[in-house]
Amino acid sequence: MEKLKCPVPVFIPLIVGVIAVSFSSIFVKLSDAPVSVQGMYRLLFTVLFMLPFSAKHVMEAKRITSRQCLLLFLSGLFLALHFLLWMGSLKLTTVASSTIILALQPVFVLIGAFFLFNEKTSPALLAGMGVAICGAVFIGWGDIGISPENLLGDVLSLLGTLAVAVHMLIGQHLLRRIPSFFYSLSVFVSVIAVFACYNLAAGIPMVGYAKQDWTIFFLLAIIPTVFGHVLFNWLMKYLSATTIYVNILGEPVGASILAYFMLNEHITIFQAAGGFLVCTGLYVFLKTNHVKDSSLSQSV
């Protein structure tokens, strides 16, 4: 499909988006609230922001089959699991390690797409994938020397990345049949419901948090979600998903810089070397990838 001409220079929304998503991990670390509560309110406030624009999509709900409803819920379930694991990893390891490992999600999407949708690969793509994975292993190896807690955080980030890859693969299937706005809104509502049930079952209070925590819940919805991922989805009309995703590789860099100044987190030689390998491998991977644009556009 031919892309339209962007009404503003594309580098402006790209820079704004990368800076916005870089704040996500910082906000998570600044709040003492459980990550399941942070994730629930992040998407609740996002849904409230989306509601004024959802009226014209109400009729689309009547055309959804029972199977699609189940898949929408499963997509939300895996997205909730992603938030629970990845945001939980930030309580155990550094922003640099967690966000660099999270950047591997297109690799897992491709692996899933290969088995589920029979999408083809190439030697260059496999080489880029291998370099990126070696970088993640390098980061984990370095974190072993810091503490077992850091390594556990890396594992949680990796599992969270696997969960979001499943969410994206389900989205790739559904977005061939239903509009993207309705998909996103339905999945976000599912995530809110999953987190509400999880919090109730675990006895986690959903009210009574400090003013700073409520401010962070709101900022998580507005800055990394609306001015980050919603903005990137808007850019999909003007740029390919691969172009956008290559630019999102700036998130680990931006997040690490913010963590240095705001959280006093220093970057180790293993993180720097592993981050370089991950970003280099992913750049090669994305430039030669066959992952569908729709699957890349749904990362949150």
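Only a predicted model underlies this, so the values are computations on that prediction, with no experimental measurement involved.
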Quick one, Leu200 with Met206, criterion side-chain contact (heavy atoms from CB on, under 4.5 Å). Give me CA distance, side-chain angles, the key distance, then yes/no. CA-CA 8 Å; Leu200 287 171; Met206 290 181 278; 3.6 Å; yes
For the residue pair Phe195 and Tyr198, categorise the inter-ring angle as parallel (less than 30°), tilted (30 to 60°) or perpendicular (more than 60°).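 Ring orientation, 0 to 90° scale: perpendicular.
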Which label fits Phe45 and Phe218: parallel for a plane angle under 30°, tilted from 30 to 60°, or perpendicular past 60°?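 If you compare the ring of Phe45 with that of Phe218, the planes turn out perpendicular.
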Residue pair [X] / [Y]: nearest heavy atoms and the distance that separates them:
X	Y	value
Ser24	Leu220	O-CD2, 3.7 Å
Gly153	Leu92	CA-CB, 3.8 Å
Trp214	Tyr209	NE1-O, 3.1 Å
Val187	Gly76	CG1-CA, 3.7 Å
Ser97	Asp154	CB-OD1, 3.4 Å

Is there side-chain contact between Thr161 and Ile101, with heavy atoms separated by less than 4.5 Å? yes
Value rounded to 0.5 Å, distance of [atom1] in [X] from [atom2] in [Y]:
X	Y	atom1	atom2	answer
Phe83	Phe78	CZ	CZ	15.0 Å
Ile170	Ser75	CD1	OG	5.0 Å
Phe27	Leu90	CZ	CG	13.0 Å
Gln38	Met87	CD	CE	4.5 Å
Ile178	Ser184	CD1	OG	9.0 Å
Leu151	Leu156	CG	CG	10.0 Å

Strictly distance-based, threshold 3.5 Å: is any side-chain N or O of Ser22 a donor or acceptor partner for the main-chain N or O of Val18? yes
Would you say Thr94 and Gln271 are linked by a side-chain donor-acceptor pair, where the criterion is simply a distance under 3.5 Å? yes
Verify the distance criterion only: is there a donor paired with an acceptor across the side chains of Thr93 and Ser98 at less than 3.5 Å?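 Distance-only check fails for Thr93 and Ser98.
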Quick one: do Ser54 and Phe182 satisfy side-chain contact (heavy atoms from CB on, under 4.5 Å)? Show the steps, please. CA-CA 8 Å; Ser54 63; Phe182 180 81; over 6 Å; no
